[in-house]
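A quick write-up on the structure given underneath.
Sequence lines set the chain letters: A, B, ... in the order given, protein chains first and strands last, and positions in each chain run from 1. Side-chain atoms are counted along with the backbone in the values below, which use heavy atoms only and exclude waters and symmetry mates. Note that the coordinates shown come from a computational prediction; the quantities given were computed from them, not determined experimentally.
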Protein chains: 2
Amino acid sequence: MVNIRSNPNDEEKLKSRATEISAFYSNKGRMPSFSEIGQLFGFKSKNAVFRLVNRLEKLGVLGRDEKGRLLPGRIMTAPLKVLGTVEAGFPSPAEEELSDTMSLDKFLIQNPSATFVLKVSGDSMSGAGILPGDMVLVDKGQTPKSGDIVIAEVDGQWTMKYLKKRGEQVVLLPANPAYKPIRPKTELKISGVVTAVIRKYK
Amino acid sequence: MVNIRSNPNDEEKLKSRATEISAFYSNKGRMPSFSEIGQLFGFKSKNAVFRLVNRLEKLGVLGRDEKGRLLPGRIMTAPLKVLGTVEAGFPSPAEEELSDTMSLDKFLIQNPSATFVLKVSGDSMSGAGILPGDMVLVDKGQTPKSGDIVIAEVDGQWTMKYLKKRGEQVVLLPANPAYKPIRPKTELKISGVVTAVIRKYK
DNA sequence: CTTGACTGTGAACATTCGTTCAATATAGAA
DNA sequence: TTCTATATTGAACGAATGTTCACAGTCAAG
């Protein structure tokens, strides 16, 4: 007797169907119902879908709510593969299959309601790899520590600088030697901490 | 007669409820059912939810499928507010309300299945604001043009460099003067174009 | 006070959901 | 061929869905 379950052809088909369901989720923003999955693959019976879903669940690519609703499994949450370093080289297809996926949103944003995006103008932080035109994620809920990059209002002017604390003294330090450190005279209002930098090329 | 609808107190309450629904969506990966919304706000009748949802729909913060299912409106798709530039200053609450939101995933990734993440090691591109430890999004489907930053295999070594074409000649240019340009002798395999850079501080 | 607008309750409704069962079709092994 | 296991169909089921209606409570305006 031959164990038909481990037919490699079957697994491929399953994977491709999981991918289609994933596409539905990212397009529509919700998981398809059983009838819709059936429609997607040409099934005329919901029971065929029922079995398909069960197998995908056992493979771990599909999940369920505590209420029994379908959830996008780990493959679905975000179509982004995280791989090794640049020098480690380009990933082989085998590595790709094994690697985990993640969502940029969840990875970069801890505090959604307190986070927003600012576009960078000026090159005062170019020494820290923050160039004009970049986007920075700013969390206005975090308490700034020494060494953080902060968005601050000094004497009526808005800037992005390194925050350095030396005892009671607070200094705003640019990362470009062409600019001078700022020692606030009257007031210093720090309204956010830069948590991430994003540069888009295309 | 006074138009009660424009009561500012009401709008605040509505906004906060929209935020709670948004939180449900980003936590669970799906929209809550009417009963669940009712449970969320202490409603004992689904009709109360029905009317709440209708008002949120008219405000545009909630949407519907072609099948009538609830969809996360523009506020929901990604809890990320895009605002002005650094020097324009910190956004006032009024601006926040007006601004659009977006998803980092959708913003940065055009081709999900062909895109993945590499971690940067080495400082050969530090002149372009790409530092060791940064993450780069790589699209292996795009055809590289001159001026693009590419991931390439030269003589058995993997690197990330600027790609420059001069006629037939192809040169890989680092963005750090400490490194020398690379003129591939035997073979040059370009396997992806860097479409974005991400640096996470916390 | 009364009136009117708004909000929430509670019960009904048709529809769709996911699930289960028996029956049929298909394909490979013996 | 026959046997056996899997795949799909089709019909049924209870539970949950979103929607609608009539009714009661609240609060401000007149």
Review point. Under a 4.0 Å heavy-atom cut-off, which of residues 37-49 of chain A touch DNA chain D?
Key: A/F43, A/K44, A/S45, A/N47, A/A48
Please produce a list of atom pairs where a protein N or O lies less than 3.5 Å from an N or O of nucleotides 14-16 of chain C.
none

Point to revise | Atom-to-atom span, CZ of A/F50 to P of D/dC13 - whole angstrom | key: 18 Å
**Study point:** Under 3.5 Å donor-acceptor, B/N176 side chain and B/D123 backbone
**Key:** yes
Practice item. Would you name the heavy atoms of B/P132 and B/G122 that are closest together and state the gap between them? Key: CG-O, 3.5 Å
Exercise for review: Give the minimum heavy-atom separation between A/G147 and A/Y162, together with the two atoms involved.
Suggested key: O-CD2, 3.6 Å
Point to revise | Spacing of A/F34 atom CZ relative to D/dA16 atom P, expressed in whole Å | key: 16 Å
**Study point:** Where A/K119 and A/G133 come nearest, the two heavy atoms and their spacing
**Key:** CE-O, 4.0 Å
Review point. In degrees, rounded to 10°, what is the bend between the two ends of the helix from C/dC1-D/dG30 to C/dA30-D/dT1, using five pairs at each?
Key: 10°
**Study point:** A/R30 CZ to D/dT17 P, straight-line distance once rounded to whole Å
**Key:** 15 Å
Check your understanding: What are the two closest heavy atoms between B/A175 and B/M125, and how far apart are they?
Key -> N-SD, 3.6 Å
Check your understanding: With sequence neighbours left out, what residues match B/E57 under salt bridge (Lys or Arg N to Asp or Glu O under 4.0 Å)?
Key -> B/R64
Practice item. Taking all heavy atoms of B/T195 and all of B/L108, pick out the closest pair and write down the distance. Key: OG1-O, 4.4 Å
Review point. So, is B/R55 near the phosphate of C/dT7, with a side-chain N or O under 4.0 Å from OP1 or OP2?
Key: yes
Exercise for review: List in chain and number order the residues that pass salt bridge (Lys or Arg N to Asp or Glu O under 4.0 Å) with B/K164, two or more places apart in sequence or in another chain; answer none if no residue qualifies.
Suggested key: none
Review point. Salt bridge (Lys or Arg N to Asp or Glu O under 4.0 Å) with A/D139: which residues, sequence neighbours excluded?
Key: none
Check your understanding: Do A/R17 side-chain atoms and A/L52 backbone N/O form a donor-acceptor pair below 3.5 Å?
Key -> no
Point to revise | Ionic contact status for B/K28 with B/E36, cut-off 4.0 Å | key: no
Review point. Quick one: on DNA chain C, does A/E36 or A/R51 contact a more 5' nucleotide (nearest heavy atom)?
Key: A/E36
Exercise for review: Take the protein atom CG of A/N54 and the nucleotide atom C1' of C/dT20, then report the distance between them rounded to whole Å.
Suggested key: 12 Å
